[in-house]
Structures are given as structure tokens and as C-alpha cells.
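Notes for the one structure printed next.
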Amino acid sequence: MPEPVDCEFLAKLLDEHGAALELYASQWTDAPEDCVQEAFIELARQTQLPQNPAAWLFRVVRNRAISLARSHQRRRRRESLAARLRPRTDAAEAPLIDAAALSEALETLEGVEREALVARVWGELSFEEIGVVMSVSTSSAHRYYLAALKSLRKQLGVSCTSRNSSID
Amino acid sequence: MHEQEFFDRLNHGGEDDRRAGDSLNEEDQATESLLKVFEPAASGINRDRLMYLAGRASALAEAATPQPSHSLKVGGDRAWIWPAATAVMSAISLALAIALLVRPAPSIADRDERVQPAPSHRQEPQAPEAIESESLVHDSIPVEGNRVEVVVHRSDKSAPVAPSVGASARRYLEQRELALQHGVDALPVSAAPAASVARVALPQRKLLDELLPAGVRETSSADPFGEFFSWPSLNPSEDNL
């Protein structure tokens with residue numbers, strides 16, 4: 001039985017998914033904070049907690065970001081994505097690529113491929129959740145993700161061999 | 001996409017997701033690991049402000065949600081009573097309205113019947129005609145002097161007077177209407193209330209003739225007592241009380 005949304009649960013969701021949601025929204029708009037904040041407020045309005053609050057938030061953020069981008073008629077994903085990706089502080093080794101190069105490579109991806117990649121890698125959503133959020137099938141979400149990885153490898157010039165050799 | 005479909009897909013898509021995850025080859029997994037070295041920057045959302053706005057929105061939504069009233073909770077099993085009563089009363093009102101519309105206009109005879117007084121046990125004064133039709137009982141009452149009064153009582157066991165009762169009752173009602181509208185003085189003289197006891201003075205000579213035997217009656221005509229006393233006047237107008 002779904003329960004009403006309480007404040008502590010909202011705070012926990014914000015801690016776990018807030019940054020990823022902003023990154024996800026920044027694909028469409030340069031004001032992702034507004035979209036994420038509105039999504040959380042909308043979640044607080046719900047009398048019953050959704051069965052999958054994270055997927056629900058991603059879906060609401062996506063809809064609001066697209067709507068906001070259409071209304072403002074401007075997109076600045078490149079700067080936004082570049083500003084919102086940073087190397088992990090707890091990483092054992094330095095990244096092979098820098099954030100700016102990664103943002104530029106992300107710009108070259110198709111919209112659905114980039115969306116599936118961001119949702120999977122940084123949003124930590126499953127493929128069925130991605131499919132639901134994007135209103136596509138799970139296999140389509142998986143296909144978009146694989147296509148995005150392939151394109152990124154090509155753009156960034158990295159391969160499994162180079163990665164393994166760098167690790168070795 | 002409907003919300004139910006949204007959740008159904010989330011609940012039943014786990015196996016597909018596992019199959020999709022297993023299908024990643026080494027290259028894909030390496031690229032995925034390369035990307036996971038990066039993380040999204042910290043959220044720029046003002047946490048306190050968001051919590052305040054969320055709490056306010058939640059309170060407003062709860063206030064806007066219609067809550068079942070206490071009376072409905074208590075009478076949940078009997079909640080049909082008031083709607084049923086309302087439906088019954090509405091049906092009755094509708095039927096009465098239809099009956100009022102369909103009902104024919106009242107005729108003059110109906111109006112006259114409505115004027116008829118309700119039957120009562122009280123004895124109402126009757127017109128002289130009614131009294132005439134009743135059977136009379138004659139009682140002789142001796143009074144002072146040599147005068148005899150015959151008191152005529154109206155018998156309670158009188159014969160039915162149905163044919164004249166309707167006319168007399170109608171006449172009585174007309175007179176009552178007349179008296180109510182124009183006063184008692186407007187009543188006709190003949191309509192004076194008839195007394196329940198009518199006194200009629202009959203000539204004494206006639207009464208004596210009825211009582212005396214035939215032979216005596218013959219002699220009495222010669223006035224055998226004429227030399228002893230004089231008879232009172234036989235003028236009925238003088239004897240009437």
C-alpha cells in the first residue's frame with residue numbers, strides 16, 4: 001500500500017538523486033535546478049507515494065525540462081553538461097579523459113542515446129526504468145545505451161584494449 | 001503512458017533488464033567504467049527552501065483533498081437512507097403535481113356539495129315546512145280559568161323527512177349566509193326560528209266535543225251550562241300566546 005510522502009524521505013531522495021536529476025535535466029535546459037525542485041514539490045503533493053519514486057522523479061524532470069526548453073527556445077547543453085560532470089573524488093585513479101572532452105563527446109550523441117546513457121550511468125536506473133521514463137521499450141532503451149557507448153568510444157578514442165592496458 | 005502501465009512495466013521488467021545487462025560485452029563494460037569515473041556535480045538546489053516548499057505544497061494538497069465527513073463515516077451503512085427519502089419525496093411531489101394538472105375543474109354541483117354542512121348530532125332549527133311534515137303529539141295542559149292549552153310536541157320518533165331536509169338545510173344555509181353578510185335584520189320574517197315546542201291553542205268547545213259522547217255532544221250543542229256561566233271568547237287570535 002503506497003504511503004504519503006514525508007519530509008525525511010524527500011530529503012533522502014534529494015541526496016541520492018538530486019545531482020543526477022540535475023544532470024539529466026541539463027540535457028534540455030539551462031535551468032535544471034528549477035525542474036528538479038518543481039519535481040520534488042510535485043512529489044510532495046502526491047497523496048500516495050509512487051511505487052518507484054526515483055523513476056517517477058526522472059520522468060517528471062524530463063517532462064518539465066523539455067517543456068521549459070521549448071518555452072525558452074534555447075539550449076545550452078554543452079556548457080551545462082560540462083559544468084555538471086566532475087571526476088569522482090573517491091576514484092582510485094585519475095580519469096583517462098577530461099570532463100570537457102566528455103561533454104563534447106556527449107554532444108555528438110543522438111538525443112535518445114545521450115538520454116539513455118545519462119540515465120543509466122549517472123542516474124543508475126535500470127533499463128526498464130529508462131524505458132518507462134523515455135516511453136520506449138526496455139530493449140529500445142538497451143539498444144540506445146549500447147549505441148551511445150559505441151559512439152563515445154569512437155569519439156573519445158578509447159577502447160577496451162587501451163583501458164585494460166592503462167589499468168595493467 | 002498511464003501511471004498503472006508505468007508501474008506494471010517497472011514491476012515486470014526486471015528479467016529483461018538482467019538479460020540486457022548480461023548482454024554488455026567487455027568493451028561496453030570498460031567504456032561504462034570509464035564514464036563512471038565522473039560524477040554529477042553537487043546539486044545547486046537550496047535544500048532548506050525545497051523542504052519548506054515541499055511541506056507547504058503537501059499541506060495545501062492535503063487541505064484541498066475532500067475528506068469524508070464524520071456523519072458519513074458514522075452512517076456508512078445507512079448512507080442510502082437520505083437519498084432514498086429524497087427520491088421518495090420527489091416522486092410523491094411529482095405525482096401530486098401531475099394529479100393537480102390532470103384533475104378536471106370542479107363543477108357547480110361539486111361546489112354546492114362543498115357548501116353542505118357536515119352531519120352533526122346537534123339539533124338545528126328547521127324551517128316551518130319541515131315541522132309541518134313531522135308527526136305531532138298533542139298534550140292538554142290545564143291553565144288558569146276555563147282555558148285549555150294544547151301543547152304540540154315535536155316527536156323524536158317522527159317519520160323520516162328526507163325529501164324536505166335537503167331543501168330546508170339549503171334554505172337554512174342560505175339564511176345563514178344572508179345573516180352573516182347583512183346581519184340578522186336582513187332575515188325574512190317568515191324565517192324566524194321555529195320553536196322546538198309549538199303551542200297551539202285550540203277552541204275549548206271543539207275539544208270538549210271530542211271528549212264527550214255522541215249523545216251528550218248533541219245536547220251540549222244546546223249549551224246546557226249557558227245559564228250558569230258564559231263561555232270565553234272563541235276568537236283564536238286572543239288565545240294565541
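Just so it is clear: chains get the letters A, B, ... in the order the sequence lines come, proteins before strands, and each one is counted from 1.
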**Report entry** Atom pair CZ/OG1 of A:Arg153 and B:Thr31 - distance to nearest 0.5 Å
**Finding:** 4.0 Å
Report task. Working to the nearest 0.5 Å, report the span between OG of A:Ser103 and CZ of B:Phe38. Result -> 8.5 Å
Requested in this report: For A:Arg88 and B:Lys36, indicate whether the former's side chain and the latter's backbone hold a donor-acceptor pair under 3.5 Å.
Outcome: yes
Query raised in the report: Between A:Ile41 and B:Ala54, what is the shortest heavy-atom contact and its length?
Result: CG1-N, 4.2 Å
Query - Beyond-backbone contact of B:Ser43 with A:Glu22, side-chain heavy atoms, under 4.5 angstrom - result: yes
Query raised in the report: Can you check whether B:Ser58 reaches A:Arg45 side chain to side chain, under 4.5 Å on heavy atoms?
Result: no
Query raised in the report: chain A heavy atoms under 4.5 Å from B:Arg49: which part of the residue, side chain, backbone, both or neither?
Result: side chain
Query raised in the report: If you round to the nearest 0.5 Å, how far is CG of B:Leu34 from CG of A:Leu102?
Result: 8.0 Å
Query - Contact check, side chains of B:Glu39 and A:Leu85, non-hydrogen atoms, under 4.5 Å - result: no
Query raised in the report: In terms of heavy-atom proximity below 4.5 Å to chain B, should A:Tyr24 be classed as side chain, backbone, both, or neither?
Result: neither
**Report entry** Contact check, side chains of A:Thr47 and B:Glu62, non-hydrogen atoms, under 4.5 Å
**Finding:** no
Query - Side-chain heavy-atom pair A:Trp122, B:Leu35 within 4.5 angstrom cut-off - result: yes
Report task. With a 4.5 angstrom heavy-atom cut-off, could you sort out which part of A:Leu117 is near chain B: side chain, backbone, both or neither? Result -> side chain
Query raised in the report: If you count the non-hydrogen atoms of other residues, nucleotides and ligands that lie under 6.0 Å from CD in A:Glu124, is the total more than 12?
Result: no
Query raised in the report: If you draw a 6.0 Å radius around CD in B:Gln181, do more than 12 non-hydrogen atoms from other residues or ligands fall strictly inside?
Result: yes
**Report entry** Cationic N near anionic O, under 4.0 Å, B:Asp28 to A:Lys150
**Finding:** no
Query raised in the report: Heavy atoms, side chains only, cut-off 4.5 Å: are B:Glu27 and A:Leu149 in contact?
Result: no
Report summary line: Rounded to the nearest 0.5 angstrom, the CG-CZ distance for A:Leu10 and B:Arg47 is 10.0 Å
